[in-house]
Amino acid sequence: MKGSGVRGQGSVGVREEGRAAAPTPLTALENRHLLGIAELSAEEIRLILDTADAMKEIGERPIKKVPTLRGKTVVNLFFEASTRTRTSFEIAEKRLSADTLNIAASASSVVKGETLADTVRNLEAMAPDVIVMRHTSSGACHLLARICRARVVNAGDGTHEHPTQALLDAFTIRQHKGRIEGLKVAIVGDLLHSRVLRSNLLLLNKLGAHVVACAPPTLQPVGLARMGAKPTSSIDEAVHEADVVMMLRIQLERMHGHFFPSLREYYRLFALTPARVRRAKPDVIIMHPGPMNRGVEIDSDVADGPYSVILAQVANGVAVRMAVLYLLAGGSEGAG
Ligand code: CP
């Protein structure tokens, strides 16, 4: 999306069914893909968040549908399990009136040995406009973008990036705090295997937040400070006076080896408990991208408590994904 001009920021030309057409001040972002936060400027991130504000309003109407992507086909291609991301993309696509198709790798010819490239070339032959893909391999979406004409949206690739998660996280922070710049954000958990960490670090640094990242030394990626976070192995230090605490899941399925003695030990040293929440600012918000390991990285009293915005994150995922699809695929002819 680099180099895209931002026009009409905050005024999205989304038409309502049966109402007069609003002016269409906004064209799509210039680049055709959303592969990672790394490729977005701060201005482009703000454009997506502002557009999501308008999309959220559509979700609050009695009829939650606009014709913006009518006639466009979106393929959701998931090579890895997902509840929130897959569902919210599908709802977003339907709210924008796109024709949607869901393909789970387990029910496709991938199980017969077909390669990603061949799978994509065959899907391309049916002329989809957008492919939303989640894949176990880092960089798989970049490969896809090189070989297909459709716009590609990364729904999570290996341990690399999960850009729409970071965007919905930013939207949720902005919704509750009114800003991102200057906030102290503590990110705690399995940093090593987390694509959510990588996308959030990129985004939060671009928008001027101060990030402290906490994990046992064995779960800290090399170069954490270079990535824009203050590393620590003390959760008490991380959450001290934090405006936002973002907990990350222990990703046992990606661990090939022993990274900590036991889940009980991990809970004792790194879980977010009510006592630890009290170290943060009195108006702290608690986030988690899900799925949660209750009683491992987060106490149920915290996950379901008054500071939790975890379900707001899920709700905001629809608006943010509508914004991304609109900006990439709506274009001037789609939105007018
Ligand atoms: N946050 C997230 O990516 O959740 P899912 O794996 O359920 O999509």
Side-chain angles (χ1 to χ4, degrees), residues 34-38 48-49 52 74-95 100-107 130-141 152-173 175 185 187-204 213 244-255 272 285-294 296-298 302-304 308-325:
L34 175 58
L35 303 180
I37 299 295
I48 295 170
L49 301 183
V74 183
V75 173
N76 301 311
L77 182 57
F78 276 67
F79 288 84
E80 207 182 65
S82 169
T83 298
R84 284 146 287 267
T85 311
R86 191 184 58 72
T87 310
S88 62
F89 264 114
E90 193 177 347
I91 292 172
E93 291 150 11
K94 288 184 183 338
R95 286 192 181 164
T100 66
L101 190 67
N102 295 311
I103 302 175
S106 57
V130 181
I131 299 178
V132 176
M133 187 172 81
R134 169 170 288 190
H135 202 278
T136 47
S137 297
S138 302
C141 293
V152 175
V153 180
N154 182 357
D157 62 329
T159 58
H160 174 233
E161 276 226 42
H162 192 349
T164 57
Q165 179 68 46
L167 287 163
L168 75 87
D169 290 341
F171 185 86
T172 306
I173 294 171
Q175 182 183 49
V185 181
I187 305 182
V188 184
D190 181 353
L191 308 177
L192 185 63
H193 301 101
S194 178
R195 55 194 174 207
V196 175
L197 169 80
R198 282 165 184 77
S199 289
N200 263 298
L201 271 184
L202 287 161
L203 187 152
L204 291 167
V244 178
V245 179
M246 188 182 294
M247 299 306 294
L248 297 177
R249 182 171 71 90
I250 287 293
Q251 300 195 36
L252 291 171
E253 78 279 15
R254 295 193 206 275
M255 291 184 188
L272 191 61
I285 57 171
I286 309 297
M287 308 177 76
H288 195 305
M292 286 185 280
N293 295 308
R294 288 171 184 264
V296 178
E297 71 262 2
I298 190 164
V302 176
D304 304 327
S308 172
V309 296
I310 293 169
L311 291 179
Q313 288 174 265
V314 178
N316 290 335
V318 176
V320 166
R321 286 167 179 134
M322 285 173 77
V324 166
L325 292 165

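Quick note: residue numbers are just sequence positions, from 1. Whatever order the structure lists ligands and atoms in, that order sets their numbers, starting from 1.
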[X] side chain near [Y] side chain, heavy-atom distance below 4.5 Å:
X	Y	value
L272	V188	no
E161	L202	yes
S194	Q251	yes

Side-chain donor-acceptor contact under 3.5 Å, N76 with E90:
no
Does either side chain, that of R249 or that of H193, offer a donor lying less than 3.5 Å from an acceptor on the other one?
no
Which residue and heavy atom of the protein sit nearest [atom], plus the separation:
atom	answer
atom 2 (C) of ligand 1	T85 OG1, 3.5 Å
atom 4 (O) of ligand 1	R84 NE, 3.1 Å
atom 1 (N) of ligand 1	P289 O, 2.8 Å

Looking at N154 and G36, would you say the former's side chain and the latter's main chain have a donor-acceptor pair under 3.5 Å?
no
When you measure from the side chain of S199 to the backbone N and O of I37, does any donor-acceptor pair fall under 3.5 Å?
no
Do any nitrogen or oxygen atoms of R86 lie less than 3.5 angstrom from nitrogen or oxygen atoms of ligand 1?
no
Minimum distance, heavy atoms only, to atom 8 (O) of ligand 1: which one of S82, P291, S88 is it?
S82
Are R134 and ligand 1 in contact, using a heavy-atom cut-off of under 4.0 Å?
yes
Heavy-atom contact under 4.0 Å between G290 and ligand 1?
yes
Near Q165 (heavy-atom distance under 4.0 Å), the atoms of ligand 1 are 1 (N), 2 (C)
Element-labelled atoms of ligand 1 that are located less than 4.0 Å from some non-hydrogen atom of T83
5 (P), 7 (O), 8 (O)
